[in-house]
**Q** 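First, the structure itself, so that you have it in front of you.
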Amino acid sequence: MKEKIIGEIRKYRDEIMQISRELYEHPELSEEEVFAEKLLTDHLAAHGFCVEHGICKIPTAFRASFKGEKPGPKLAFLCEYDALEGIGHGCGHNLIAAMSFGAALGLKAVLNETGGEILVLGTPAEETNGAKVTMAGEGIFDDVLAAIMLHPDGQSKESGSSLALDAVRFRFYGRTAHASSAPEKGINALDAVILLFNGINALRQHVPDDVRMHGIIAKGGLRPNIVPEYAEARFNFRAGKRKTLNEVVEKAKQCARGAAEMTGASVKIDYYELSNDDMVTNPVLGRLMSENFRFMGETDLQPACREMGSMDMGNVSHVAPAAHGFIGLGDKNLVLHTREVAECTVSEQGQRTAERGACILALTGYDVLASTKVQEEIQKTFLPV
C-alpha cells in the first residue's frame with residue numbers, strides 16, 4: 001500500500017513542482033496571500049476536494065476535505081504560503097504548501113481502503129499573526145486526530161518542541177517641553193522606555209536558561225530639542241513552556257509600570273501580534289514520522305530538540321495531536337530567512353525534497369488511518385495543555 005502511495009505522488013510530481021515554483025515566482029506577504037490561496041484551492045478542487053474559503057473570517061485561509069467510503073478519523077495536512085519582505089520564500093513556505101498538497105493526493109489514493117477523511121488546511125501569515133492561532137482557538141482542530149506538516153531546513157530533524165512567544169507593546173505617554181529652556185516642564189516618555197530596557201536587562205539574570213527577551217524602540221521622539229511625549233517599545237518574550245512565559249511577561253510588565261512611575265509618564269501595555277504556544281509533539285506521531293523519514297531513505301535524521309524559535313503550530317499541538325518535522329535541503333549550512341533558501345526551493349534538490357516530503361507526510365497519514373491501534377495510542381498519549 002505504501003508503494004501505491006509513493007507511485008501516486010510520483011505520478012503528480014510535475015503538478016507538485018509547479019505549485020512550489022509558482023508560489024516562489026509570486027511571493028506574497030502575510031495576510032496578502034491571495035494568489036497562493038487561489039492556486040492551492042484550484043488544484044485541490046480539480047482533484048475532487050471540497051473547498052471552503054475564508055475560514056475563521058481569515059480571507060486567505062481555507063479548508064479542503066476529501067472523505068473515504070468508510071468512516072474514520074480526520075487527518076490534517078497543513079499548508080503555509082506567506083513569504084518574507086525583500087527575500088521571498090526564504091523560509092521555504094512554497095515547499096511546505098507543495099508537500100502537503102502532494103501528500104493529500106498520495107493518501108487520497110488509498111482512502112477507500114483505510115477510511116477516514118483528509119483535510120488540507122491553508123494557514124496563512126505564519127511569519128506574523130499566525131492563522132493557526134485563530135484556527136486553533138475557534139475549534140478547527142477539535143475533531144482532528146492528527147495534524148502534521150514538514151518544514152524545509154538545512155538538515156532533516158525529528159519533530160520536537162519550540163518556544164512559546166508573546167509579542168508585547170509598551171506605549172509610554174509623557175508631556176512635551178523645550179528640552180533646553182524648560183526641561184522641567186516636560187515628562188520624558190523616552191526615558192521611561194530606556195528604564196524599561198534597563199529593567200528587562202537586569203531581569204535576564206533571574207530567568208531560566210530557555211527564556212529569550214529581545215526588543216526594539218519603535219518610536220523614541222521627534223527632535224532632540226523636544227522632550228518626547230510618546231515613546232514605544234516592542235518586545236518578543238519567549239520560553240520553553242507557556243507557564244514560564246506568563247510569569248516572565250508579568251515581571252516585564254512590572255518593569256514597565258515601574259519605569260512609568262519613576263518618570264511620571266503613563267503606560268499602556270498590549271499585544272501587537274497573536275501569541276504562540278510551545279510546540280508539543282505527540283510521541284506516536286513523532287515516531288511514525290521519523291520511521292517514514294528512514295523508509296524514504298533518510299540517513300542523517302537529527303534527533304528531536306527544542307527549536308529556539310516559535311511557531312503557531314504550537315497552538316495546534318495544544319488542542320490536537322500534532323507533529324512538525326524538518327526536512328533537509330541537502331546543505332546543513334543553509335540558514336532560514338535567506339535568499340539562498342528561496343533559491344534552493346526551486347533547485348533540483350528543492351524539487352526532490354518536495355516529492356520526498358510529500359511521501360513522508362502521506363505515509364505517516366496512512367500509518368494513522370490504517371490502524372485503529374495507532375489511533376488509540378495517539379489518543380492515549382495526547383495530553384491537552
**Q** Looking at Glu261, I want to see if its CD is surrounded by more than 12 non-hydrogen atoms of other residues, nucleotides or ligands under 6.0 Å.
**A**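 No, CD of Glu261 has 12 or fewer neighbouring heavy atoms, counting only those of other groups under 6.0 Å.
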**Q** Would a hydrophobic clustering, with Ile, Leu, Val, Met, Phe, Trp and Tyr connected at side-chain separations under 4.5 Å, put Ile96 with Val346?
**A**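 Each belongs to a different hydrophobic cluster.
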**Q** Do Ser275 and Asp166 meet the criterion of a side-chain donor-acceptor pair at a distance under 3.5 Å?
**A**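 Result is yes, a qualifying pair exists.
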**Q** Tell me, do Leu75 and Val144 make a side-chain contact under 4.5 Å, heavy atoms counted?
**A**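 They are not in contact (no side-chain heavy atoms under 4.5 Å apart), so the answer is no.
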**Q** Test: ring-ring contact (aromatic ring centres under 6.0 Å, His included). Region: residues 73-123. Which pairs qualify, not counting sequence neighbours?
**A**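 Qualifying pairs: His43-Phe101, His47-Phe101, His93-His151.
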**Q** Side chains of Asp331 and Cys344: does their closest heavy-atom pair fall under 4.5 Å?
**A**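 With C-beta onward as the side chain, the pair stays apart.
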**Q** Any side-chain heavy-atom pair from Asp278 and Ser161 closer than 4.5 angstrom?
**A**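 The answer is no, as the side chains (C-beta and beyond) never meet within the 4.5 Å cut-off.
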**Q** Against the six-membered ring of Phe295, is Lys2 placed for a cation-pi contact (under 6.0 Å from the centre, within 45° of the normal)?
**A**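 Lys2 over Phe295 ring: yes.
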**Q** Hey, mind stepping through Thr263 and Asp191 against side-chain hydrogen bond (donor to acceptor under 3.5 Å, both in side chains) and telling me if it holds?
**A** CA-CA 7 Å; Thr263 57; Asp191 280 348; over 6 Å; no
**Q** Would Glu273 and Thr128 count as a side-chain hydrogen bond (donor to acceptor under 3.5 Å, both in side chains) here? Give the steps.
**A** CA-CA 7 Å; Glu273 288 178 355; Thr128 57; 5.4 Å; no
**Q** With clusters defined by side-chain heavy atoms of hydrophobic residues (ILVMFWY) lying less than 4.5 Å apart, directly or transitively, does Met279 cluster with Val211?
**A**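 The answer is no; the residues belong to distinct hydrophobic clusters.
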**Q** About how many Å separate CZ of Arg171 and CZ of Arg234, when rounded to the nearest 0.5 Å?
**A**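 Result: 9.0 Å between the selected atoms.
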**Q** Other residues, nucleotides and ligands only: do more than 12 of their heavy atoms fall within 6.0 Å of CD on Glu184?
**A**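 Correct, the count exceeds 12.
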**Q** Within a strict 4.5 Å, meaning less than it, do heavy atoms of the Arg352 and Arg356 side chains meet?
**A**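 Arg352 does not reach Arg356 side chain to side chain.
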**Q** So which atom in Gly92 and which in Val341 form the shortest heavy-atom distance, rounded to 0.1 Å?
**A**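 Shortest heavy-atom separation between Gly92 and Val341 comes out as N-CG1, 4.2 Å.
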**Q** Any donor-acceptor pair under 3.5 Å linking the side-chain atoms of Gln18 with those of Arg21?
**A**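 No, no side-chain donor-acceptor pair sits under 3.5 Å.
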**Q** Given salt bridge (Lys or Arg N to Asp or Glu O under 4.0 Å), test Glu158 with Arg287 step by step and report yes or no.
**A** CA-CA 8 Å; Glu158 295 178 321; Arg287 171 176 57 82; over 6 Å; no
**Q** Within the distance-only criterion (no hydrogens, no angle test), does the side chain of Glu229 pair as donor or acceptor with the backbone N or O of Arg175 below 3.5 angstrom?
**A**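 Here the side-chain-to-backbone pair does not exist.
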**Q** What distance do Glu28 atom CD and Leu23 atom CG have between them, rounded to the nearest 0.5 Å?
**A**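 Taking CD in Glu28 and CG in Leu23, the distance rounds to 8.0 Å.
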**Q** Would you indicate whether Leu29, at its atom CG, is surrounded by more than 12 heavy atoms from other residues, nucleotides or ligands within a distance under 6.0 Å?
**A**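 Atom CG in Leu29 is crowded, with more than 12 foreign heavy atoms closer than 6.0 Å.
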**Q** Let me confirm one number: the OG-CG distance from Ser181 to Asn225, rounded to the nearest 0.5 Å.
**A**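 So the gap between those two atoms works out to 9.0 Å.
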**Q** Quick check against the 3.5 Å criterion: does Arg339 have a side-chain atom that pairs as donor or acceptor with the backbone of Gly86?
**A**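 Yes; at least one donor-acceptor contact below 3.5 Å.
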**Q** Given 3.5 Å as the limit, does a donor-acceptor pair link the side chain of Asn112 with the main chain of Glu69, or not?
**A**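 Checking the backbone N and O of Glu69 against the side chain of Asn112, a donor-acceptor pair under 3.5 Å is found.
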**Q** Do Asp210 and Arg306 have side chains that get closer than 4.5 Å, going by heavy atoms?
**A**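 A side-chain contact under 4.5 Å exists here.
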**Q** Does Arg169 reach the main-chain N or O of Lys268 with its side chain, forming a donor-acceptor pair under 3.5 Å?
**A**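 Between the backbone of Lys268 and the side chain of Arg169 there is no qualifying donor-acceptor contact (under 3.5 Å).
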**Q** Taking the six-membered ring for Trp and the full ring for Phe, Tyr or His, determine whether the centres of His26 and Tyr24 are under 6.0 Å apart.
**A**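 Judged by ring-centre distance (under 6.0 Å), His26 and Tyr24 do not meet the cut-off.
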**Q** Judged by modelled atom types alone, do Asn282 and Ser317 share a side-chain donor-acceptor pair under 3.5 Å?
**A**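 The answer is no; no qualifying pair exists.
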**Q** Parallel, tilted or perpendicular, judged at 30° and 60°: which one describes the rings of Phe237 and Phe170?
**A**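 Rings of Phe237 and Phe170: perpendicular, over 60°.
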**Q** Compare every heavy atom of Ile269 with every heavy atom of Ala256, then report the nearest pair and how far apart it is.
**A**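 Of all heavy-atom pairs spanning Ala256 and Ile269, the closest is CB-CD1, 4.2 Å.
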**Q** Is the CZ atom of Arg204 crowded by more than 12 outside heavy atoms at less than 6.0 Å?
**A**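 Atom CZ in Arg204 is crowded, with more than 12 foreign heavy atoms closer than 6.0 Å.
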**Q** If you look only at pairs with a residue in residues 92-111, which of them pass as a salt bridge (charged side-chain N to carboxylate O under 4.0 Å, His left out), with sequence neighbours excluded?
**A**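 Matches after skipping sequence neighbours: none remain.
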**Q** State whether the side chain of Ser371 and the backbone N or O of Val368 hold a donor-acceptor pair below 3.5 Å, judged by distance alone.
**A**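 Side chain of Ser371 to backbone of Val368, a donor-acceptor pair under 3.5 Å: no, none is there.
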**Q** Please find the pair of heavy atoms, one from Val120 and one from Phe62, that lie closest to each other, and give the distance.
**A**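 Looking at all heavy atoms of both residues, the closest pair is O-CE1, 3.6 Å.
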**Q** Go through the steps for His214 and Arg238 under the test side-chain hydrogen bond (donor to acceptor under 3.5 Å, both in side chains), then give the verdict.
**A** CA-CA 9 Å; His214 36 102; Arg238 306 177 196 253; 3.1 Å; yes
**Q** Verify, without hydrogens or angle tests, whether Glu33 (side chain) and Ala125 (backbone) share a donor-acceptor contact under 3.5 angstrom.
**A**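 Such a contact is found between Glu33 side chain and Ala125 backbone.
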**Q** So do the side chains of Asn246 and Arg242 get within less than 4.5 Å of each other, counting heavy atoms only?
**A**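 Heavy-atom side-chain distance check passes, below 4.5 Å.
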**Q** Would you compute the distance between atom NZ of Lys67 and atom CD1 of Ile118 and round it to the nearest 0.5 angstrom?
**A**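 Rounded to the nearest 0.5 Å, the NZ-CD1 separation comes out at 13.0 Å.
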**Q** Please identify which of these residues, Met289, Lys132, Met99, meets the side-chain contact (heavy atoms from CB on, under 4.5 Å) condition with Met149.
**A**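 That would be Lys132.
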**Q** Side chains of Leu163 and Leu245: does their closest heavy-atom pair fall under 4.5 Å?
**A**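 Sidechains of Leu245 and Leu163: no contact.
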**Q** Do Arg212 side-chain atoms and Asp209 backbone N/O form a donor-acceptor pair below 3.5 Å?
**A**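 At least one qualifying donor-acceptor pair exists.
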**Q** Report yes if some heavy atom in the side chain of Lys185 is under 4.5 Å from a heavy atom in the side chain of His178; otherwise report no.
**A**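 They are not in contact (no side-chain heavy atoms under 4.5 Å apart), so the answer is no.
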**Q** Looking at every heavy atom in both Ala231 and Gly220, which two are closest together, and how far apart are they?
**A**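 Shortest heavy-atom contact: CB-CA, 4.4 Å.
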**Q** Kindly state whether the ring of Phe172 and the ring of Tyr230 have centres lying under 6.0 angstrom apart.
**A**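 Ring centroids of Phe172 and Tyr230 are no less than 6.0 Å from each other.
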**Q** Rounded to the nearest 0.5 Å, how far apart are CD of Glu37 and CG of Asp42?
**A**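 Between atom CD of Glu37 and atom CG of Asp42 there are 8.5 Å.
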**Q** Starting from Leu195, can I reach Ile187 by hopping between I/L/V/M/F/W/Y residues whose side chains sit under 4.5 Å apart?
**A**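 No, no single cluster joins them.
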**Q** As an exercise, state the distance from NZ of Lys253 to CG of Leu196, rounded to the nearest 0.5 Å.
**A**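 Result: 12.5 Å between the selected atoms.
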**Q** Would Glu80 and Thr123 count as having a side-chain donor-acceptor pair, cut-off 3.5 Å?
**A**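 Glu80 vs Thr123: no donor-acceptor pair found between side chains.
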**Q** Report yes or no: does Glu127 contribute a side-chain atom to a donor-acceptor pair with the main-chain N or O of Asp82 at less than 3.5 Å?
**A**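 Not a single qualifying donor-acceptor pair exists.
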**Q** Answer with yes or no whether the hydrophobic clustering places Leu165 together with Met313; edges join I, L, V, M, F, W, Y residues whose side-chain heavy atoms lie under 4.5 Å apart.
**A**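 Leu165 and Met313: separate clusters.
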**Q** Is the backbone N or O of Glu307 less than 3.5 Å from a side-chain atom of Ser162, with the two atoms forming a donor-acceptor pair by type?
**A**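 Looks like no, no N/O pair under 3.5 Å.
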**Q** List the atom of Ala182, the atom of Ala177, and the distance in Å for their closest heavy-atom pair.
**A**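 Minimum heavy-atom separation between Ala182 and Ala177: O-CB, 3.4 Å.
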**Q** For the residue pair Gln351 / Glu355, report whether a side-chain donor-acceptor contact shorter than 3.5 Å exists.
**A**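 Gln351 and Glu355 do not have a side-chain donor-acceptor pair below 3.5 Å.
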**Q** Please answer: with hydrophobic residues joined when any side-chain heavy atoms are less than 4.5 Å apart, are Met1 and Leu363 in the same cluster?
**A**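 Yes, Met1 and Leu363 fall within the same hydrophobic cluster.
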**Q** Can you check side-chain hydrogen bond (donor to acceptor under 3.5 Å, both in side chains) on Gln302 and Asp300, steps first, answer last?
**A** CA-CA 6 Å; Gln302 299 298 302; Asp300 188 24; 2.9 Å; yes
**Q** Taking Val133's backbone N and O only, do any of them form a donor-acceptor pair with Asn315's side chain (distance below 3.5 Å, no angle check)?
**A**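 Not a single qualifying donor-acceptor pair exists.
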**Q** Please check if the number of heavy atoms outside Glu250 that lie under 6.0 Å from its CD is greater than 12.
**A**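 Correct, the count exceeds 12.
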